[in-house]
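Below: one structure, written as structure tokens.
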Amino acid sequence: MSTQKKIEINVVLFKRDLRLQDNEAIHNALSTGKKTLLLFVFEDILLNDPHYSERHWNFIRESLTDLNNSLITYNSELLIVQSNIHRTLQIIQETYKITHLYSHQETGIKVTYDRDKMLKRFLANNMITWVENVNNGVFRGLQDRTDWIEKWEDFMNQPLLNFLPKKEQLFTREEVAHLANFFHVPSLETNPDTPFQKGGTTMALKYMNTFFRDRGKHYNNHISKPLLARRSCSRLSPYLAWGNLSVREVIQETTRCIEQNIYPKQMESFGSRLRWQAHFIQKFEMEDEMEFVSINKGYRKLKKQVSEKYIEAWKNGMTGYPLVDACMRCLKETGYLNFRMRALVVSFFTHNLWQPWQKATVILSQYFLDFEPGIHFPQIQMQAGETGINMLRMYNPIKNAIAHDPEGVFIKKWVPELENLETPFVHEPSKMTPMEQQMSGFILGENYPKPIVNLQETRKHASDILWSMKDENTVIEENFRILQRHTLSNRKKSS
């Protein structure tokens with residue numbers, strides 16, 4: 001009895017590229033003309049990884065639902081399963097012959113890197129060709145930054161890739177449903193009433209369009225304000241982190257606005273931050289051990305005593321410093337905080353509380369809806385003052401509160417215990433006398449915590465230690481190495 005020959009197919013594996021437009025993995029697969037299956041795997045290694053939280057999985061589920069809604073036109077949908085990738089491909093192979101797997105090169109945490117090494121072995125053993133594409137202008141295998149900015153700009157100036165499948169090239173919904181019978185298929189239901197931004201390209205385009213046409217007009221003036229930044233900043237970071245939009249699409253729209261004289265100064269500032277974002281992800285791609293240890297080896301000997309009491313107070317917004325607490329409560333509740341306030345809470349954690357930055361990474365990655373490893377770890381190290389090449393910045397939460405939330409509106413919203421106090425005391429309730437506390441019906445230490453540490457003393461302690469370390473030989477040698485590897489050559493700078 002003859003056996004039926006299996007149909008040869010491509011598989012496109014979605015990871016942090018949850019979009020159809022300007023998706024090179026899809027474009028490469030479809031350009032072959034071969035039948036193509038679109039696949040997303042809820043991987044157990046990531047579902048169980050402490051960096052991720054339910055807000056991330058909700059965002060991903062919303063993004064996948066949006067993708068499937070867009071595919072209805074083509075009578076297609078994604079195969080969405082919960083498993084591991086190589087096991088998923090193994091099961092698909094029982095029905096079809098997979099010749100090629102298409103995906104992007106992921107700059108992720110160690111567990112995804114280890115997964116990719118195992119996947120590479122599996123694909124080689126099964127004679128499946130893995131075609132990986134550059135992701136958002138982050139290049140693998142670079143030894144230094146010679147020509148990096150030129151390569152990045154060339155990538156960003158390439159035309160956007162359209163989603164143009166041939167007739168019946170995609171797996172039909174019926175074919176996907178048949179395959180799904182062999183897997184655990186997770187529900188894509190989400191809670192619509194959460195305070196987080198909703199996932200998906202449809203929602204991402206709404207945010208992008210309102211930013212470029214209206215909200216961005218106050219970008220430069222409001223970027224550091226914890227309340228006003230919520231509207232005047234682009235709010236595109238989660239859509240870039242999870243790939244609902246490509247960076248190239250946003251860069252090109254930014255350039256178009258500048259050319260059309262639409263808030264040009266604001267858009268130039270925004271564009272510079274997109275380049276800055278790429279710089280940090282490229283740095284992490286080249287030095288991924290930053291997930292665990294300081295990029296500057298001279299700081300790896302720095303020992304800090306872990307205080308669970310301090311960490312819990314900071315994590316839950318109960319430090320006795322109103323702006324810090326408002327920021328942490330806001331972040332925990334909504335998943336968003338503007339850049340300056342992110343820097344401030346990390347500075348407070350690593351300098352004033354004198355806690356190791358590694359203890360903040362998981363807490364913040366769970367809180368940030370836009371958790372992007374390539375931004376997350378380099379930024380936390382920079383704010384902790386352990387790169388050696390960046391200026392040591394210690395943010396004073398009281399001065400920043402007065403400068404960026406002068407009426408205490410943001411603080412009162414997120415620390416309602418303080419909403420009936422006079423404005424100066426909203427910024428510094430510890431300055432209230434016992435009589436003033438009695439008259440206000442507010443008792444420090446009962447209604448709101450006393451300051452957990454002394455700001456001036458802890459700042460001096462951290463400053464003295466970190467500044468003294470800058471003169472150590474290992475730190476200096478590492479400074480030179482880091483600058484040589486991650487900055488442009490003198491020739492490029494002067495040209």
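In this text the structure is predicted, and so the values were computed from the model without any measurement.
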Are any non-hydrogen side-chain atoms of Leu364 and Trp357 less than 4.5 angstrom apart? no
Would you kindly check if the NZ (Lys) or CZ (Arg) of Arg16 is within the cone defined by 45 degrees around the ring axis of Phe371 and under 6.0 Å from the six-membered ring centre? yes
Does the side-chain hydrogen bond (donor to acceptor under 3.5 Å, both in side chains) test come out yes or no for Thr387 and Asn390, once each step is laid out? CA-CA 6 Å; Thr387 66; Asn390 300 107; 2.7 Å; yes
Quick one: OG1 on Thr146 to CD on Gln143, what's the gap to the nearest 0.5 Å? 10.5 Å
Heavy-atom distance under 4.5 Å between the side chains of Val250 and Val247, does that happen here? no
Which atom pair, heavy atoms only, marks the closest approach of Ile258 to Glu268? CD1-CG, 3.6 Å
Take a 6.0 Å sphere around CD of Glu168 and say whether it holds more than 12 heavy atoms from other residues, nucleotides or ligands. no
Nearest heavy atoms of Val41 and Ser83, plus distance in Å: CG1-O, 3.6 Å
Atom CZ in Phe212, atom OG1 in Thr210: separation rounded to 0.5 Å? 10.0 Å
Does the side chain of Asn58 come under 3.5 Å of the side chain of Arg55 through a donor N or O and an acceptor N or O? no
Students often mix this up, so state it plainly: with edges at 30° and 60°, are the rings of His86 and Phe122 parallel, tilted or perpendicular? tilted
Under 3.5 Å side-chain donor-acceptor pair for Asn296 and Glu386: no
Could you check whether Arg235 makes a cation-pi contact with Tyr336, meaning its NZ or CZ is under 6.0 Å from the centre of the six-membered ring and within 45° of the ring axis? yes
Would you say the side chain of Arg231 lies within less than 4.5 Å of the side chain of His218, judging by non-hydrogen atoms? no
For the aromatic rings, using the six-membered ring if either is Trp, is the centroid distance between Trp314 and Phe348 under 6.0 Å? no
Testing the basics here: between Ala401 and Leu323, what is the closest heavy-atom pair and its distance to 0.1 Å? N-CD2, 3.5 Å
Pair Thr32, Asn10: side-chain N/O donor-acceptor within cut-off below 3.5 Å: yes
Any chance the rings of Phe59 and Tyr239 have centres within less than 6.0 Å? yes
Consider only side-chain N and O atoms of Thr99 and Glu8, and report whether a donor and an acceptor are under 3.5 Å apart. no
Here's one to test your reading of the geometry: is the NZ or CZ of Lys151 within 45 degrees of the ring axis of Phe139 and under 6.0 Å from its centre? yes
Would Thr319 and Asp325 count as a side-chain hydrogen bond (donor to acceptor under 3.5 Å, both in side chains) if you check the C-alpha gap in whole Å, the side-chain angles of each, and the deciding distance to 0.1 Å? CA-CA 6 Å; Thr319 68; Asp325 294 341; 2.8 Å; yes
Heavy-atom side-chain proximity of Phe284 to Glu291 below 4.5 angstrom: yes
Arg273 charged N/C atom sitting above Phe339 aromatic ring, 6.0 Å / 45°: no
Do Gln93 and Ile128 have side chains that get closer than 4.5 Å, going by heavy atoms? yes
Closest heavy-atom pair, Gln381 versus Ile295, reported as atoms and distance to 0.1 Å, is OE1-N, 2.8 Å
To the nearest 0.5 Å, tell me how far Asp405 CG sits from Ser224 OG. 12.5 Å
Students often mix this up, so state it plainly: with edges at 30° and 60°, are the rings of Phe182 and His178 parallel, tilted or perpendicular? perpendicular
Is a donor from one side chain sitting under 3.5 angstrom from an acceptor on the other, for Ser63 and Asn244? yes
Just wondering, do Phe171 and Leu71 contact through their side chains at under 4.5 Å, heavy atoms? no
Can you name the nearest heavy-atom pair linking Ile389 to Lys283, along with the distance? CD1-NZ, 4.0 Å
Would you say the ring centers of Tyr219 and Tyr263 fall short of 6.0 Å from each other? no
With no hydrogens and no angle check, just 3.5 Å: does a side-chain donor-acceptor pair link Arg300 and Ser294? no
Are Arg215 and Tyr207 close enough that some pair of their side-chain heavy atoms sits under 4.5 Å apart? yes
Would you indicate whether the side-chain heavy atoms of His376 and Thr361 approach each other to under 4.5 Å? yes
CG of Leu39 to CD1 of Ile85: how many Å apart, nearest 0.5 Å? 7.5 Å
Please lay out, stage by stage, how Leu101 and Leu13 fare under the test side-chain contact (heavy atoms from CB on, under 4.5 Å). CA-CA 7 Å; Leu101 177 71; Leu13 176 64; 3.9 Å; yes
NZ/Lys35 to CD1/Ile7 distance, rounded to the nearest 0.5 angstrom? 7.0 Å
Do you know which two heavy atoms are closest between Ala326 and Phe410, and how far apart they sit? CB-CE2, 3.6 Å
Can you list the steps and then say if Trp152 with His279 is a ring pair (Phe, Tyr, Trp, His ring centres under 6.0 Å)? CA-CA 10 Å; Trp152 183 82; His279 162 76; over 10 Å; no
NE2-CG distance between His404 and Leu227, expressed to the nearest 0.5 angstrom: 13.5 Å
